[in-house]
*Asks:* 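The following block contains the structure, expressed as structure tokens.
Residue numbers run from 1 in the order of the sequence given.
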Amino acid sequence: MPSDPTIRVRIAPSPTGPLHIGTARTALFNYLFARHTGGTFLLRLEDTDVARSTEAFEKDILEGLHWLGITWDEGPGVAGMEEAGPYAPYRQMQRLPSYAAAAEQLLNADLAYRCYCTSDELEAERHAREAAKLAPGYSGRCSTLNSAERAARESEGRRGAIRFRVRPGIVGWNDMIRDRVEIDTANLGGDFVIVRADGNPLYHFTVVVDDMAMQISHVIRGEDHISNTPKHILLFEGLGYPLPVFGHLPLILNPDGTKMSKRKSQTAVADYIAQGFTREALVNYFAFLGWSPGTEEDVLTLDEIAERFELDKVQKGGARFDRERLEWLNGQWIRRLDDEDLVERLLPFTDASFAAGQIERRPTADEVRTLLPIVRERIHTLAALPETAGFLWRNTVAVDAAAIVPKRWDAATTVDGLTAARELLAGHDAVTWEADELEPPLRALVEARGWKAGDLFMAIRVAVTGMTATPPLFDVLVALGREQTLGRIDAALALLASA
Ligand code: GLU
């Protein structure tokens with residue numbers, strides 16, 4: 001792939017919540033754009049909202065992105081790696097002097113001014129505007145204070161916030177995804193605060209100062225930021241920096257087309273990881289949230305996606321999150337992983353199931369590896385293994401007497417069938433306990449008695465697993481072993497006798 005040192009993109013998460021699928025998708029598209037063009041991808045933590053930012057969220061975001069394989073060329077350290085890059089530090093709270101300097105520059109150029117309005121005054125102004133049916137916004141009351149008036153307010157002990165002067169007119173840009181976007185600055189709510197009275201710089205300001213400092217060439221982020229972009233453009237102009245190229249990605253929507261919310265939708269990446277989605281399937285799926293290669297290909301590695309990825313092919317309309325498709329993709333990836341890798345990824349899920357008391361025995365890596373041929377195609381998530389094969393790791397299975405009796409059979413036929421089957425199975429020893437040895441005698445039995453194989457096999461299946469849907473029966477019996485199989489058939493017969 002080409003190399004272009006002028007292309008620099010970033011993901012700038014705020015550690016005010018766990019890694020959100022929207023952030024992961026935006027990070028991925030930036031990463032893919034950088035990989036495809038040979039540019040640089042950096043991560044910056046926007047942690048100036050001190051009250052809501054936590055170290056735990058920061059860790060969740062950094063480790064989540066790293067786990068997905070969306071790695072940054074510059075940014076904070078993760079997983080034992082050090083912070084790296086020529087524009088460190090990559091945490092905004094460690095960059096406060098640069099915001100102070102930029103604010104000073106704007107004040108000196110009279111592109112920003114101190115505003116001494118108290119919150120009560122602003123509140124009163126808000127009510128007055130509401131009553132007059134004016135759009136919400138700052139009136140600009142402090143914008144014309146002269147130095148004597150400012151000095152008078154400061155001598156009262158007022159610490160002014162810093163507001164940026166919004167110039168009248170249209171702000172427009174050629175968006176990589178949405179084409180031409182134009183917004184009248186009259187709709188921006190008036191001169192906006194860039195530094196609070198307590199000295200804390202705010203998002204619109206820090207994002208621009210850092211994008212300048214870090215030489216960001218393309219700002220690729222969610223469509224929810226479109227209304228912020230004009231403010232950023234004004235700030236870039238004010239600070240005298242050439243505008244980056246903007247690209248606004250479509251929103252991720254619920255399957256019914258409504259907006260996602262933390263309450264209604266599963267938005268934390270950690271929850272998908274906990275449910276047994278693989279990183280390959282997640283990045284593969286996230287890439288398809290708004291983009292497609294324009295071919296029939298759907299199962300692609302991160303490298304393959306990076307090769308094909310074109311930002312201007314990203315769709316404008318919202319991208320519906322389709323969990324079924326994600327599960328299907330996950331199943332595809334589970335089929336593609338090599339045995340050792342898959343076993344290693346499955347064990348934490350069987351361990352968790354053991355810890356939760358859902359299974360009574362922890363399967364070993366060897367046991368899980370042996371099972372792969374019969375379970376791999378049946379599980380869509382890693383967490384589904386203990387659901388699909390958990391009967392192997394319980395001492396007994398909960399069986400419902402009624403469920404053992406196949407639909408076309410009555411209890412007496414079922415007892416008859418299970419007794420005869422048990423006798424044939426008991427005739428095998430450990431050496432002949434193999435699927436192709438166990439099956440023919442049972443088929444011959446069915447034939448001789450005029451039964452249907454499906455009925456006898458279902459009765460045996462339910463007796464030994466407690467479930468009606470399992471991997472192929474004879475593979476199940478082999479995995480269970482002779483003693484467990486016979487013991488469970490005996491238990492089922494005892495249950496039928498007492499029912
Ligand atoms: N910290 C902002 C966010 O998390 C970054 C937005 C941007 O990319 O400019 O939404």
Side-chain angles (χ1 to χ4, degrees), residues 68-69 272-288 296-302 304-305 322-354 358-359 361-394 397 403 433-440 442-443 453-454 456-481 484-485 488:
L68 286 166
Y272 290 91
I273 299 175
Q275 288 165 357
F277 288 96
T278 59
R279 61 177 65 86
E280 291 83 355
L282 283 170
V283 293
N284 195 161
Y285 186 66
F286 290 157
F288 280 79
E296 297 288 294
E297 301 167 302
D298 36 26
V299 186
L300 294 168
T301 63
L302 194 50
E304 289 166 342
I305 296 167
D322 178 352
R323 191 180 167 107
E324 266 176 43
R325 188 165 153 81
L326 170 61
E327 287 193 8
W328 176 82
L329 260 181
N330 205 46
Q332 296 298 314
W333 274 105
I334 286 176
R335 291 171 197 203
R336 283 168 169 75
L337 296 177
D338 72 46
D339 284 10
E340 279 323 298
D341 188 8
L342 180 55
V343 169
E344 206 172 293
R345 297 190 202 206
L346 287 167
L347 287 176
F349 289 89
T350 49
D351 285 352
S353 183
F354 176 75
Q358 290 150 352
I359 55 175
R361 210 166 53 72
R362 252 191 158 100
T364 62
D366 282 344
E367 274 177 275
V368 172
R369 190 178 311 103
T370 314
L371 275 184
L372 292 183
I374 63 168
V375 294
R376 195 193 272 272
E377 304 227 337
R378 306 183 71 89
I379 53 176
H380 291 288
T381 65
L382 301 170
L385 178 65
E387 287 156 29
T388 304
F391 60 84
L392 292 171
W393 309 311
R394 282 192 284 268
V397 284
W433 197 263
E434 293 296 341
D436 49 4
E437 301 264 2
L438 298 179
E439 186 168 350
L442 289 189
R443 289 211 178 263
L456 178 66
F457 293 177
M458 182 55 84
I460 302 174
R461 168 179 286 119
V462 176
V464 302
T465 67
M467 303 193 297
T468 51
T470 66
L473 179 63
F474 294 96
D475 294 325
V476 165
L477 301 187
V478 171
L480 264 176
Q484 281 283 344
T485 300
R488 288 182 187 193

*Asks:* About how many Å separate CD of E324 and CG of L329, when rounded to the nearest 0.5 Å?
*Replies:*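 Atom-to-atom, L329:CG and E324:CD are 12.5 Å apart.
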*Asks:* Would you say that T364 contacts L347 through its side chain, given a criterion of any heavy-atom pair below 4.5 Å between the two side chains?
*Replies:*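 No, side chains not in contact.
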*Asks:* Report yes if the distance between the aromatic ring centroids of Y285 and F277 is under 6.0 Å, otherwise no.
*Replies:*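 Ring centres of F277 and Y285 not closer than 6.0 Å.
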*Asks:* Which value, rounded to the nearest 0.5 Å, describes the distance between T465 atom OG1 and L480 atom CG?
*Replies:*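 Nearest 0.5 Å value for the OG1-CG distance: 8.5 Å.
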*Asks:* When rounded to the nearest 0.5 angstrom, what distance separates CD in Q275 from CG in L326?
*Replies:*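 Answer rounded to 0.5 Å: 9.5 Å.
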*Asks:* Is there a donor-acceptor contact under 3.5 Å from the side chain of W333 to the main chain of V299?
*Replies:*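 Judged by distance alone, no pair lies under 3.5 Å.
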*Asks:* Indicate the atoms forming the closest heavy-atom contact of L442 with F457, along with that distance.
*Replies:*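 Heavy atoms only, the tightest pair is CB-CE2, 4.1 Å.
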*Asks:* Tell me whether E437 at atom CD has more than 12 heavy atoms from other residues, nucleotides or ligands lying less than 6.0 Å away.
*Replies:*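 Yes, the 6.0 Å shell around CD holds more than 12 heavy atoms from other groups.
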*Asks:* Hey, could you give me the CZ/CG distance between R443 and L438, rounded to the nearest 0.5 Å?
*Replies:*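 That separation rounds to 12.5 Å.
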*Asks:* Is it the case that the side chain of R488 and the backbone of V397 share a donor-acceptor pair, with hydrogens and angles ignored and the cut-off at 3.5 Å?
*Replies:*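 The answer is no, because no donor-acceptor pair under 3.5 Å joins these two groups.
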*Asks:* Given the rule in the side-chain contact (heavy atoms from CB on, under 4.5 Å) test, do M458 and T468 qualify, once you have shown the distances and angles that lead to the verdict?
*Replies:* CA-CA 7 Å; M458 182 55 84; T468 51; 4.1 Å; yes
*Asks:* What heavy-atom pair brings L300 and N284 nearest, and what distance separates the two atoms?
*Replies:*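 Smallest heavy-atom distance, with atoms named: N-OD1, 2.9 Å.
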*Asks:* Answer yes when R336 and D341 have at least one side-chain N-carboxylate O distance shorter than 4.0 Å, and no when they do not.
*Replies:*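 Looking at D341 together with R336, the answer is no, because their closest N to O distance does not fall below 4.0 Å.
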*Asks:* Kindly indicate whether a cation-pi arrangement holds for R325 with F288, taking the cut-offs as under 6.0 Å to the six-membered ring centre and within 45° of the axis.
*Replies:*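 Judged by the rule, R325 and F288 form a cation-pi pair.
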*Asks:* Once you round to the nearest 0.5 Å, how far does CD1 of I334 lie from CD1 of I379?
*Replies:*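 Rounded to the nearest 0.5 Å, the CD1-CD1 separation comes to 4.5 Å.
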*Asks:* Please name the pair of heavy atoms, one in T470 and one in R461, separated by the smallest distance, quoted to 0.1 Å.
*Replies:*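 Looking at all heavy atoms of both residues, the closest pair is OG1-NE, 2.8 Å.
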*Asks:* Is the shortest side-chain N to carboxylate O distance from R361 to E367 below 4.0 Å?
*Replies:*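 A salt bridge links R361 with E367.
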*Asks:* I'd like to know if E280 and R345 make a salt bridge, using a cut-off of under 4.0 Å between side-chain N and carboxylate O.
*Replies:*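 Salt bridge flag = yes for R345 with E280.
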*Asks:* Would you find a donor on one side and an acceptor on the other, under 3.5 Å apart, between the side chain of E304 and the backbone of T301?
*Replies:*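 At least one qualifying donor-acceptor pair exists.
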*Asks:* Does H380 offer a backbone N or O that forms a donor-acceptor pair with the side chain of N330 under 3.5 Å?
*Replies:*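 Yes; at least one donor-acceptor contact below 3.5 Å.
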*Asks:* Which heavy atom in G276 sits nearest to a heavy atom in F349, and how many Å separate them?
*Replies:*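 Taking every non-hydrogen atom into account, CA-CZ, 3.4 Å.
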*Asks:* Could you walk me through whether L473 and L477 pass the side-chain contact (heavy atoms from CB on, under 4.5 Å) check?
*Replies:* CA-CA 6 Å; L473 179 63; L477 301 187; 4.2 Å; yes
*Asks:* Using modelled atom types only, decide if a donor and an acceptor are shared between the side chain of D475 and the backbone of I374 within a distance under 3.5 Å.
*Replies:*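 No; judged by distance alone, with no hydrogens or angles, the pair does not exist.
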*Asks:* Could you walk me through whether I359 and F391 pass the side-chain contact (heavy atoms from CB on, under 4.5 Å) test, one step at a time?
*Replies:* CA-CA 8 Å; I359 55 175; F391 60 84; over 6 Å; no
*Asks:* Does T485 reach the main-chain N or O of G481 with its side chain, forming a donor-acceptor pair under 3.5 Å?
*Replies:*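 Checking the backbone N and O of G481 against the side chain of T485, a donor-acceptor pair under 3.5 Å is found.
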*Asks:* Any side-chain to backbone donor/acceptor pair from R362 onto T350? Under 3.5 Å, distance only.
*Replies:*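 It does not hold such a pair.
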*Asks:* Do you know which two heavy atoms are closest between V476 and P471, and how far apart they sit?
*Replies:*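 Smallest heavy-atom distance, with atoms named: CG2-O, 3.4 Å.
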*Asks:* Distance check, rounded to the nearest 0.5 Å: R376 atom CZ versus L346 atom CG?
*Replies:*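 Answer rounded to 0.5 Å: 9.0 Å.
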*Asks:* Would you find a donor on one side and an acceptor on the other, under 3.5 Å apart, between the side chain of R394 and the backbone of Q358?
*Replies:*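 Side chain of R394 to backbone of Q358, a donor-acceptor pair under 3.5 Å: yes, one is there.
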*Asks:* Determine the minimum heavy-atom distance between A479 and L371, stating which atoms define it.
*Replies:*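 Closest approach of A479 to L371, heavy atoms only: CB-CD2, 4.0 Å.
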